Amino acid sequence: MMDTRAYLDAHFPQFEDELKDELAAVAEIRHIPAGEPLMRTGQNIRSTVLVAEGRLKLYREGQEEGEIFMYHLEPGNACALSMVCGPQQETSGVMLKAIEDSTVILIPVTSMENFMQRYKGWYNFVVETYRNRFEELLTLIDHIAFRAMDERLVYYLDTQRQKSGSSKLHITHGEIATDLNSSREVISRLLKKLEQQGKVKVHRQYIELL
């Protein structure tokens, strides 16, 4: 198991050595089992989340039921929401859950302003994180507002392939339906259609993109 500095060296090489030392001094390493939430809706945000290992999913819950998938966080990423809301002592409006066994580095939000002022590496990282997440949210809005579900499904599967680095996606029809705010029946029907078109192969334990 690596220590905090080793995680920072491995996944955040853009940070200055002095910044890594200061981050390591104040950070908390937390290991999150797959399926366990790290952040809940309405929870006070006290730490900025940097991802060191694994994969987490950020999503918005409906007022009564359902949820909408927003984006994934992987090693080298940070939760932009924790950067925005934490210093203002605001509560979370989303859920953040590990979909694989994951390790995160928690940085107290009280250190954010200090690091922003003193370290260009941290400043650039925060700005880049905001920009990337904003672009992902624009893509999400575009798909929800302007694209049919079959197009959204193809884009979703392709994104999962790029993120995982594998054409074999170990994900259930129900999980896809949840992420796309649809029903399992609709997703199963669309996957069957894609299979007939020769774009995917649906196996018992996984979906293979052709």
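Heavy atoms only: backbone and side chains are in, while hydrogens, waters and symmetry mates are out. Computed from a predicted structure; not experimentally measured.
With Asp101 contributing its side chain and Pro33 its backbone, the two residues share no donor-acceptor pair below 3.5 Å. One N or O on the side chain of His11 and one on the backbone of Ala52 form a donor-acceptor pair closer than 3.5 Å. The closest donor-acceptor contact from the side chain of Glu136 to the backbone of Tyr71 lies at 3.5 Å or more, if one exists at all. Within the 3.5 Å criterion, the main-chain N or O of Leu106 finds no donor-acceptor partner in the side chain of Arg30. Judged by distance alone, the side chain of Ser82 and the main-chain N or O of Val49 form a donor-acceptor pair under 3.5 Å. A donor-acceptor contact shorter than 3.5 Å is absent between the side chain of Ser167 and the backbone of Glu208.
Counted within 6.0 Å of CD on Gln205, heavy atoms from surrounding residues, nucleotides or ligands total 12 or fewer; the atom is thus considered open. Around the OH atom of Tyr130, the shell of radius 6.0 Å holds more than 12 heavy atoms that belong to other residues, nucleotides or ligands.
With a 4.5 Å cut-off on side-chain heavy atoms, Val104 and Leu56 count as touching. Within the 4.5 Å cutoff, the side chain of Glu16 has heavy atoms near those of the Lys120 side chain. Looking at heavy atoms from C-beta onward, Lys20 lies out of side-chain contact with Phe12 at the 4.5 angstrom threshold. Annotation: side chain of Val51 is not in contact with side chain of Glu74 (no heavy-atom distance under 4.5 Å).
The only member of Glu18, Glu113, Glu22 that meets side-chain hydrogen bond (donor to acceptor under 3.5 Å, both in side chains) when paired with Arg118 is Glu22.
Atom CD1 of Ile187 is separated from atom CG of Asp150 by 10.0 Å, given to the nearest 0.5 angstrom. Of the inter-residue distances, the one linking Leu73 atom CG with Leu81 atom CG reads 10.0 Å to the nearest 0.5 angstrom.
Residue pairs satisfying the salt bridge (charged side-chain N to carboxylate O under 4.0 Å, His left out) criterion with at least one member in residues 165-180, sequence neighbours excluded, are listed as follows: Lys57-Asp179. Under the salt bridge (charged side-chain N to carboxylate O under 4.0 Å, His left out) criterion, no residue pair touches residues 33-43, with sequence neighbours excluded.
The aromatic rings of Phe15 and Phe125 sit perpendicular, their planes meeting at an angle over 60°, well past the 30° parallel limit.
Every residue meeting the side-chain contact (heavy atoms from CB on, under 4.5 Å) condition with Val127, not counting sequence neighbours, appears here in chain and number order: Tyr123.
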